[in-house]
Engineer: 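One structure coming up, written as structure tokens, with questions to follow.
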2 protein chains.
Amino acid sequence: MIETELIDMQRASQLLKLLGDKTRLTMMKLLQSHECCVCEFVEIFNMSQPAISQHLRKLKDIELVKEQRKGQWIFYSINKGHEDYPLIQSILGHLPEQKDSIAELEAQGLRICCK
Amino acid sequence: MIETELIDMQRASQLLKLLGDKTRLTMMKLLQSHECCVCEFVEIFNMSQPAISQHLRKLKDIELVKEQRKGQWIFYSINKGHEDYPLIQSILGHLPEQKDSIAELEAQGLRICCK
DNA sequence: TTATCATATAATGATATACTTATATATACA
DNA sequence: TGTATATATAAGTATATCATTATATGATAA
């Protein structure tokens, strides 16, 4: 078998449980190709700001995502250095791109750009 | 990108939620290499028979596993024909083999064999 | 400063989840 | 038959989860 990092069952199931929520799973897929800030997610998922914040908190707690403040916004990005990132990546690879939601954001002029 | 079946986000998250339980995830990993019957799982997980039965029910409901009666026992096996099996397989590939639990069963003479 | 915008946290409530115990069903065997 | 064994289902309960509303924090801009 090709060399693959094996993951403790306890940690694997915890990780899958976190991804087993449509909102968080979609967030991860989106973050794989775009950094996003909280207010963008609020638009995309049409969900309250605290709800989004709490989902991101869970992803951050196990370090699946990183945050970086840029002015008044906080941008989230995927943590590609995570020990379990190979697993994450192979899961996300089976999911459809979420281009539409980003495109829609841009069409509405709601995409946040920080230079 | 290599041709990969893409999975609807709704179904993917539902699937990951089911795997996001240590017992069910371990069951799937075990089933990948061995058929098992309910009473074996009861021993392996040291859990009540109804609890095991209910976990298997959930896996069966979305057709991740198949059941086959052999005499008084009902054996469960992984459904390799499942539309999402490629995803399942890549997840399970990141998990450690569960040889010990089967070996322990055999040592205790609790492994069920049906000829 | 003070007001505003973006985000986080706290408290709460509804629903989902994973057990438990009790009971039903189905096969095997004496 | 009748009893034992394997499994499934039902009902109940404790806890977890995911949303909501209200409030706090922190940065920017007037």
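Numbered from 1 within each chain, the chains take letters A, B, ... in sequence-line order. Quick note: numbers below take in every heavy atom, side chains included, and nothing from hydrogens, waters or symmetry partners.
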Engineer: Between C1' on D:dT7 and CD on B:Gln68, what's the gap in Å once rounded to a whole number?
Structural biologist: 16 Å
Engineer: Rounded to whole angstrom units, what separation is found between the CD atom of B:Gln72 and the P atom of C:dT27?
Structural biologist: 11 Å
Engineer: May I ask you to decide if B:Lys60's main-chain N or O and B:Glu63's side chain share a donor-acceptor pair within less than 3.5 Å?
Structural biologist: no
Engineer: Which of residues 19-31 of chain A sit near DNA chain C, with a heavy atom under 4.0 Å from it?
Structural biologist: none
Engineer: So B:Lys60, base contact, sugar-phosphate only, or nothing? Heavy-atom distance under 4.0 Å.
Structural biologist: nothing
Engineer: Do A:Gln54 and A:Pro50 have side chains that get closer than 4.5 Å, going by heavy atoms?
Structural biologist: yes
Engineer: In whole angstrom, give the distance that lies between atom CG of B:Leu110 and atom P of D:dT5.
Structural biologist: 14 Å
Engineer: Counting only heavy atoms and a strict 4.0 angstrom limit, can you tell me which residues of residues 41-57 of chain B come near DNA chain D?
Structural biologist: B:Gln49, B:Pro50, B:Ser53, B:Gln54, B:Arg57
Engineer: Identify, with sequence neighbours excluded, every residue that meets side-chain hydrogen bond (donor to acceptor under 3.5 Å, both in side chains) alongside A:Thr23.
Structural biologist: none
Engineer: Let me know the distance between CH2 of A:Trp73 and C1' of C:dC5, rounded to the nearest Å.
Structural biologist: 9 Å
Engineer: Let me see the working for A:Lys80 and A:His82 under side-chain contact (heavy atoms from CB on, under 4.5 Å), right down to the final yes or no.
Structural biologist: CA-CA 5 Å; A:Lys80 300 199 173 178; A:His82 193 285; over 6 Å; no
Engineer: Between B:Gln49 and B:Val42, what is the shortest heavy-atom contact and its length?
Structural biologist: CA-CG2, 3.7 Å
Engineer: Could you go through the side-chain contact (heavy atoms from CB on, under 4.5 Å) check for B:Leu6 and A:Leu95 one step at a time?
Structural biologist: CA-CA 5 Å; B:Leu6 297 180; A:Leu95 307 179; 5.9 Å; no
Engineer: In whole angstroms, how far is the P atom of D:dA8 from the NZ atom of B:Lys58?
Structural biologist: 15 Å
Engineer: Please determine if a side-chain N or O atom of B:Tyr76 lies less than 4.0 Å away from the OP1 or OP2 oxygen of D:dA6.
Structural biologist: no
Engineer: Looking at B:Glu97, is its backbone amide N or carbonyl O close enough to the side chain of B:Lys29 to form a donor-acceptor pair, meaning the two atoms are under 3.5 Å apart?
Structural biologist: no
Engineer: Verify side-chain contact (heavy atoms from CB on, under 4.5 Å) between B:Val38 and B:Phe75, making sure each step is shown before the conclusion.
Structural biologist: CA-CA 7 Å; B:Val38 180; B:Phe75 279 76; over 6 Å; no
Engineer: Please determine, for the side chain of B:Cys39, which listed nucleotide (C:dT7, C:dA18, D:dT7) has the closest atom?
Structural biologist: D:dT7
Engineer: Can you check the A:Phe75 CZ to D:dA27 P distance for me, whole Å?
Structural biologist: 16 Å
Engineer: Let me know, please, whether A:Arg69 or A:Leu18 comes out on the 5' side of the other along DNA chain D by nearest nucleotide.
Structural biologist: A:Leu18
Engineer: Quick one: A:Ile74 CD1 to D:dT25 C1', roughly how many Å, whole number?
Structural biologist: 10 Å
Engineer: Using only atom types and a distance under 3.5 Å, with no angle test, would you say the side chain of B:Arg24 pairs donor to acceptor with the backbone of B:Thr26?
Structural biologist: no
Engineer: Once you round it to whole Å, what is the distance between P of D:dT7 and CD of B:Glu67?
Structural biologist: 11 Å
